[in-house]
Q: 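I am attaching a structure below and will ask some questions about it afterwards.
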Amino acid sequence: GLDCTMILEIPEAIADHCECDESELLFGLTLGLFLQGHLSGGQAGAALGLPRQEFLDTLHDRGIAMPYEAEEVTRDLAAVERLWSSNPLL
């Protein structure tokens, strides 16, 4: 896709209230889009100039829970069950 720059005006009252600098406001916006499913982890990281894993590590470090859909839970549980049944030492 095409790269573009968007200028977003944030009311001073918001920035003053949260005592955020520009990078923290960008993180908040990016995080919101990621949690709503509009950005992947890789896209969110790239928007912040971070590799995907560093973005995800930042979420963990800040205590932000990852979105986890029921379908993903079912898939992960099935994978654990397959591993468990194929390895009697577990």
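These numbers come from the heavy atoms of this one structure, side chains and all, not from hydrogens, waters or symmetry mates. This chain uses plain numbering: 1 for the first residue, then up along the sequence.
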Q: If a pair satisfies ring pair (Phe, Tyr, Trp, His ring centres under 6.0 Å) and one of its residues is in residues 28-65, list it, with sequence neighbours excluded.
A: F34-F55

Q: Nearest 0.5 Å, what's the CG-CG distance between L26 and L48?
A: 5.0 Å

Q: With rounding to the nearest 0.5 angstrom, report the CG to CG distance, L31 to L35.
A: 4.0 Å

Q: Enumerate the residue pairs fulfilling ring pair (Phe, Tyr, Trp, His ring centres under 6.0 Å) with a member in residues 6-32, sequence neighbours excluded, ordered by first and then second residue.
A: none

Q: In chain order, what residues pass the side chain to side chain donor-acceptor pair (under 3.5 Å) check against D61, with sequence neighbours excluded?
A: none

Q: Under the salt bridge (Lys or Arg N to Asp or Glu O under 4.0 Å) test, which residues partner R62, sequence neighbours left out?
A: E24

Q: Hey, could you give me the CG/CE distance between L56 and M66, rounded to the nearest 0.5 Å?
A: 5.0 Å

Q: If I compare all heavy atoms of C18 with all of L25, which pair ends up nearest, and what's the gap?
A: SG-CD2, 4.2 Å

Q: Once rounded to the nearest 0.5 Å, what's the spacing between atom CD of E54 and atom CG of L50?
A: 4.5 Å

Q: List the atom pairs, with distances to 0.1 Å, where a side-chain N or O of residues 6-14 and a protein N or O form a donor-acceptor pair under 3.5 Å, not counting sequence neighbours.
A:
none

Q: With sequence neighbours left out, write down each residue that passes side chain to side chain donor-acceptor pair (under 3.5 Å) with T58, or none if nothing qualifies.
A: none

